[in-house]
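Report on the following structure.
Keep in mind the model is a prediction, meaning the values are calculated, not measured. One-based numbering, in listed order, for ligands and for the atoms of each.
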Amino acid sequence: MDIIFYHPFFNADKWIAGLQQRLPQARVRVWSPGDDAPADYALVRQPPVAMLQNRRGLKGVFALGAGVDDILAQLRNHPDMLPAGVPLFRLEDTGMGRQMQEYAVYHVLGWFRRFNEYQQQKSEARWQHLRNHSRDAFSIGILGAGVLGRSVAESLKPWGFPLRCWSRTPKNLPGVTSFYGQEQLAEFLSGTQVLINLLPNTLQTVGILNRQLLSQLKPQAFLLNLARGPHLVEDDLLAAMAAGEIKAAALDVFVQEPLPQEHPFWAHPDIAITPHNAAVALPDDAMDYIASAIRQRESGEMPAGRVDLVRGY
Ligand SMILES: NC(=O)c1ccc[n+]([C@@H]2O[C@H](COP(=O)([O-])OP(=O)(O)OC[C@H]3O[C@@H](n4cnc5c(N)ncnc54)[C@H](OP(=O)(O)O)[C@@H]3O)[C@@H](O)[C@H]2O)c1
């Protein structure tokens with residue numbers, strides 16, 4: 001069995017050794033331009049078209065991340081990039097759920113207890129009690145109730161905030177009020193104090209965090225964008241913050257990455273920034289999943305994690 005690997009910045013030697021150890025019968029090689037020899041499986045991130053197009057023998061492609069928007073965007077421009085009938089898989093959780101939980105809990109509690117405002121007071125040597133937020137009114141709304149959205153909801157349960165989620169199809173999650181579809185979006189937003197975005201980036205969700213949506217949240221709302229930069233219309237966030245509709249935001253992802261030096265987000269006192277590392281797949285967990293999925297595929301089963309190319313996630 002032959003496996004080809006391409007990732008713009010992962011440590012290829014570590015991956016080749018780890019996969020070889022888990023799949024001793026496989027020959028694993030780093031793909032480089034000009035390599036058009038047959039391969040059974042391809043492991044990829046932002047793959048050059050030539051890596052997949054016309055690849056003989058391909059039985060499956062594994063995206064080395066949770067989101068597949070990069071691959072699907074290329075597929076729209078090169079519809080023959082993925083040979084017909086070859087399934088595309090993505091990484092589900094593989095350590096990312098816990099990291100998303102840490103990120104969300106940190107910010108939600110910080111905003112709830114107003115720690116960022118106390119930090120500001122400290123810089124002014126100002127001793128002043130701020131009024132506590134009401135826990136019952138501090139409702140958390142999660143856009144996306146998939147692997148990571150559900151994980152984040154779980155981590156927020158112990159704190160007693162009202163929880164709600166919005167997805168394409170209805171969910172039955174204990175302790176989380178489910179809203180779904182365009183027709184229930186307005187109702188979901190109007191009861192949300194803290195909005196956490198964990199949607200996939202698709203043709204339906206791009207630009208969803210715009211002025212119109214942000215203005216429907218509860219007054220002085222908070223925004224956590226953990227999914228993809230193009231979900232947020234960045235100027236609209238600045239306008240919503242200037243108008244007092246959004247009090248603070250924490251952003252991990254941006255339209256342009258790295259975020260340009262001159263971008264107004266850097267200097268904004270109420271916007272926290274991290275460099276697109278809210279959650280990173282843990283190599284050992286990811287390799288365990290891929291090895292087990294390849295074994296399943298070899299025995300004729302369809303592993304979990306298959307991407308629906310039409311739906312876009
Ligand atoms: N910043 C980072 O470091 C980082 C790390 C990992 C992942 N991510 C991002 O997080 C995203 C979510 O990951 P995941 O594993 O949780 O994805 P997932 O399991 O595929 O879940 C996606 C959720 O979004 C919902 N959804 C999709 N399109 C929708 C639409 N048009 N309207 C309403 N709901 C819609 C789905 O609804 P249904 O359940 O009804 O289908 C599902 O609940 C990834 O796509 C990736 O972009 C970011």
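For the pair M100 and ligand 1, a heavy-atom separation below 4.0 Å is found. Assignment of Y180 to the shell around ligand 1 is not supported, since no heavy atom sits closer than 4.0 Å. Residue R90 places a heavy atom less than 4.0 Å from ligand 1. The closest approach between K171 and ligand 1 falls below 4.0 Å for a heavy atom of the residue.
Atom 24 (O) of ligand 1 has its closest protein heavy atom at P200 CD, 3.3 Å. Scanning all protein heavy atoms for the shortest distance to atom 40 (O) of ligand 1 gives T169 OG1, 2.5 Å. Of the protein's non-hydrogen atoms, R228 NH1, 3.7 Å is the one closest to atom 46 (C) of ligand 1. A145 N, 2.9 Å is the protein heavy atom nearest to atom 43 (O) of ligand 1. Of all protein heavy atoms, the one closest to atom 48 (C) of ligand 1 is L226 O, 3.1 Å. Protein heavy atom at the shortest distance from atom 42 (C) of ligand 1 is G146 N, 3.7 Å. For atom 36 (C) of ligand 1, the nearest non-hydrogen atom of the protein is Y313 OH, 3.5 Å. When hydrogens are left out, the protein atom nearest atom 32 (N) of ligand 1 is W166 CH2, 3.3 Å; that is the closest non-hydrogen contact.
Considering backbone and side-chain atoms together, N201 places no N or O closer than 3.5 Å to any N or O of ligand 1. Here's the thing with D252: one of its N/O atoms is less than 3.5 angstrom from an N/O atom of ligand 1.
Those atoms of ligand 1 with a heavy atom of Q204 less than 4.0 angstrom away are 31 (N). Interface of G144 with ligand 1, defined as ligand atoms under 4.0 Å from a residue heavy atom, comprises 23 (C), 24 (O), 43 (O). Within the listing of ligand 1, atoms 1 (N) sit less than 4.0 angstrom from a heavy atom of V253. When each atom of ligand 1 is checked for a heavy atom of A66 under 4.0 Å away, the hits are 6 (C), 7 (C). Atoms of ligand 1 found under 4.0 Å from any heavy atom of M96 (numbered from 1 in listed order, with element): 6 (C). Every atom of ligand 1 is numbered from 1 in the order shown, and the set under 4.0 Å from a heavy atom of S167 is 33 (C), 34 (N), 37 (O), 40 (O), 43 (O).
Remark: side-chain polar atoms of W166 are paired, donor with acceptor, to backbone N or O of G181 under 3.5 angstrom. Without hydrogens or angle criteria, Q216 side chain to Q212 main chain gives a donor-acceptor distance under 3.5 Å. R90 places no side-chain N or O within 3.5 Å of a backbone atom of G65 that could act as its donor or acceptor partner.
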Next on the checklist: Set out, in order, the CA-CA distance, both residues' side-chain angles and the distance that settles side-chain contact (heavy atoms from CB on, under 4.5 Å) for L198 and M100, then state yes or no.
Outcome noted: CA-CA 10 Å; L198 277 165; M100 286 296 188; 3.9 Å; yes
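In the displayed structure, Y106 atom OH is contacted under 6.0 Å by at most 12 heavy atoms of other residues, nucleotides or ligands. More than 12 heavy atoms of other residues, nucleotides or ligands shown are found within 6.0 angstrom of CG on D270. Heavy atoms of other residues, nucleotides or ligands lying less than 6.0 angstrom from NZ of K14 number 12 at most.
Side-chain contact between L237 and L251 is present, with heavy atoms from C-beta onward closer than 4.5 Å.
The CE atom of M1 sits 4.0 Å away from the CD atom of E298 when rounded to the nearest 0.5 Å. Rounded to the nearest 0.5 Å, atoms CD1 (I140) and CZ (F112) are 9.0 Å apart.
In the model, Q121 has no side-chain atom that pairs as donor or acceptor with a side-chain atom of E117 under 3.5 Å.
Relative orientation of the H7 and F9 rings is perpendicular, given thresholds of 30° and 60° on the angle between their planes.
Proximity annotation for atom 10 (O) of ligand 1: of V152, T202, N277, L198, L198 comes nearest, heavy atoms only. Checking L251, L148, L203 against atom 16 (O) of ligand 1, the nearest heavy atom belongs to L148.
With a 4.0 Å cut-off on non-hydrogen atoms, L199 touches ligand 1 through its backbone as well as its side chain.
V61 pairs in a side-chain contact (heavy atoms from CB on, under 4.5 Å) with only one of the listed residues (V307, L43, L88), which is L88.
Remark: R135 qualifies as a cation-pi partner of F161 under the 6.0 Å distance and 45° angle criteria applied to the six-membered ring.
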